[in-house]
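Reckoned from all heavy atoms, side chains included, excluding hydrogens, waters and symmetry mates. For the single chain, residues carry numbers from 1 onward in sequence order.
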Amino acid sequence: MSPIEAVATLLGLANVALVVRRSLWNYPFALAMVTLYAWIFLQARLYSDALLQGFYFAVNGYGWWNWRRAQRAEGEVPVTVLGARARFGWGIAAALAALGWGALMHRATDAAYPWWDGTIAVLSIVAQILQSRRAWECWPLWIAVDLLAIPLFLVKGLWLTAGLYCIFLALSVWGAIDWNKARA
């Protein structure tokens with residue numbers, strides 16, 4: 001446990017709590033958090049998660065723009081819902097990408113847990129894209145990511161990060177419920 005991990009954890013708590021509330025203020029916290037976590041995950045040889053932070057940085061910029069553009073006059077950000085065909089397509093794409101990325105990390109790096117870490121990274125990418133598009137379906141994916149990430153971070157000794165993901169799990173359940181009420 002390091003001071004950088006502690007700061008990243010606090011930024012993450014603020015970020016996800018603000019996402020659940022559909023607040024644009026989540027984005028500055030997200031950008032700072034992912035910058036710190038890129039360094040933390042590189043040190044832990046969780047390369048997929050480290051690369052994921054760069055992706056998060058870019059997609060959070062897009063999300064900030066998209067949420068701001070979609071924001072209603074009263075300040076509320078609307079929620080969308082994917083159709084059955086889109087859900088199926090995203091699911092198949094995520095499964096294939098997880099297999100491909102896990103194989104690449106396994107063969108090309110000394111990653112600590114290439115398949116486990118790779119699957120978390122791919123599901124996180126899909127969840128982040130859907131979240132940036134304000135799609136309710138991001139929340140079941142975030143729940144899956146949290147359930148996979150908590151034991152991985154415990155195995156790697158990232159105790160604060162594992163604890164953060166326990167809180168993320170609770171916030172993801174809250175987000176799914178809250179966003180479900182606001183679905184368009």
Side-chain angles (χ1 to χ4, degrees), residues 1 4-23 26-27 29-38 40-41 44-57 59-60 63 79 81-82 87 90-91 93-95 97-99 101-102 105 111-183:
M1 177 173 3
I4 293 174
E5 186 182 3
V7 171
T9 298
L10 293 173
L11 291 167
L13 287 172
N15 168 240
V16 176
L18 290 166
V19 169
V20 168
R21 300 187 71 214
R22 291 180 284 138
S23 169
N26 83 82
Y27 288 104
F29 290 95
L31 295 172
M33 175 188 67
V34 301
T35 301
L36 294 178
Y37 267 117
I40 292 166
F41 291 140
R45 289 185 17 239
L46 295 173
Y47 303 132
S48 293
D49 273 317
L51 289 170
L52 180 61
Q53 303 314 301
F55 170 82
Y56 280 158
F57 196 91
V59 173
N60 273 299
V79 174
V81 179
L82 298 177
R87 268 186 246 124
W90 279 101
L99 287 172
W101 188 255
M105 289 288 107
Y113 295 95
W115 296 96
W116 195 356
D117 188 34
T119 298
I120 292 167
V122 168
L123 292 179
S124 296
I125 287 168
V126 174
Q128 186 67 51
I129 291 169
L130 293 176
Q131 178 184 309
S132 294
R133 294 179 173 190
R134 306 172 332 274
W136 175 86
E137 288 79 4
C138 72
W139 292 111
L141 285 172
W142 284 128
I143 290 167
V145 165
D146 298 335
L147 290 171
L148 289 169
I150 292 164
L152 175 62
F153 297 144
L154 288 172
V155 167
K156 290 302 290 178
L158 297 169
W159 305 107
L160 278 179
T161 304
L164 175 63
Y165 274 71
C166 287
I167 296 168
F168 281 174
L169 177 59
L171 290 170
S172 294
V173 170
W174 177 25
I177 292 166
D178 191 63
W179 282 35
N180 189 53
K181 293 175 187 173
R183 288 172 19 154

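- Around atom CZ of Phe57, no more than 12 heavy atoms belonging to other residues, nucleotides or ligands sit under 6.0 Å away.
- At a threshold of 4.5 Å between non-hydrogen side-chain atoms, the residues Val20 and Trp139 count as touching.
- Closest approach of Leu164 and Gly12 over heavy atoms only: CD1-C, 4.2 Å.
- Contact of the Tyr56 side chain with the Met33 side chain is not registered, since no non-hydrogen atoms from C-beta on lie closer than 4.5 Å.
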(Q) side-chain contact (heavy atoms from CB on, under 4.5 Å) for Leu31 and Thr35? Distances and angles first, verdict last. (A) CA-CA 6 Å; Leu31 295 172; Thr35 301; 5.5 Å; no
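- No side-chain heavy atom of Phe29 sits less than 4.5 Å from a side-chain heavy atom of Leu13.
- For the pair Ala44 and Leu158, the tightest heavy-atom approach, listed with the atom from each and the gap, is CB-CD1, 4.2 Å.
- Between Asn180 and Arg183 the shortest heavy-atom distance is OD1-CD, 3.1 Å.
- In terms of heavy atoms, Ala94 sits closest to Val126 at CB-CG2, 3.9 Å.
- Glu137 is not listed as a side-chain neighbour of Trp179, based on a closest heavy-atom distance of 4.5 Å or more.
- Across every non-hydrogen atom of Gln128 and Val59, the tightest pair is CG-CG1, 3.5 Å.
- Atom CD1 of Ile125 and atom CD1 of Ile120 lie 12.0 Å apart (nearest 0.5 Å).
- One finds the CD1 atom of Ile143 at 11.0 Å from the CG atom of Leu171 (value rounded to the nearest 0.5 Å).
- To the nearest 0.5 Å, atom CG of residue Leu147 and atom OH of residue Tyr165 are 12.5 Å apart.
- Atoms CG and OG, on Leu141 and Ser172 in that order, are 10.0 Å from each other to the nearest 0.5 Å.
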Q.
Would Trp142 and Val173 count as a side-chain contact (heavy atoms from CB on, under 4.5 Å) here? Give the steps.
A. CA-CA 9 Å; Trp142 284 128; Val173 170; over 6 Å; no
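- Judged by distance alone, the side chain of Asp117 and the main-chain N or O of Ser48 form a donor-acceptor pair under 3.5 Å.
- A donor-acceptor pair shorter than 3.5 Å cannot be found between the side chains of Glu5 and Trp159.
- For the pair Tyr37/Thr9, a side-chain contact is recorded, criterion being any heavy-atom separation below 4.5 Å from C-beta on.
- A donor-acceptor pair under 3.5 Å links the side-chain atoms of Arg87 to the main chain of Leu82, judged by distance alone.
- For the ring-ring contact (aromatic ring centres under 6.0 Å, His included) with Phe41, the qualifying choice from Tyr47, Tyr113, Phe153 is Phe153, the only one to do so.
- Ser124 approaches Leu52 most closely through the heavy-atom pair CB-CD2, 3.5 Å.
- Between the CG atom in Leu46 and the OG1 atom in Thr161 there is a gap of 9.5 Å [rounded to 0.5 Å].
- The backbone N or O of Val79 lies less than 3.5 Å from no partner atom in the side chain of Trp136, so there is not a single donor-acceptor pair.
- To the nearest 0.5 angstrom, Asn26 atom CG is 7.0 Å from Asn60 atom CG.
- Checked by atom type and distance alone, the side chain of Asp146 pairs as donor or acceptor with a backbone atom of Leu169 at under 3.5 Å.
- Asp178 contributes no side-chain N or O that, together with a main-chain N or O of Trp174, makes up a donor-acceptor pair within less than 3.5 Å.
- Taking the side chain as every heavy atom from C-beta outward, Leu130 and Trp90 approach each other to under 4.5 Å.
- Put simply, the side chain of Trp116 gets close to the backbone of Leu148: a donor and an acceptor are under 3.5 Å apart.
- Annotation: side chain of Leu154 is in contact with side chain of Ile150 (closest heavy-atom distance under 4.5 Å).
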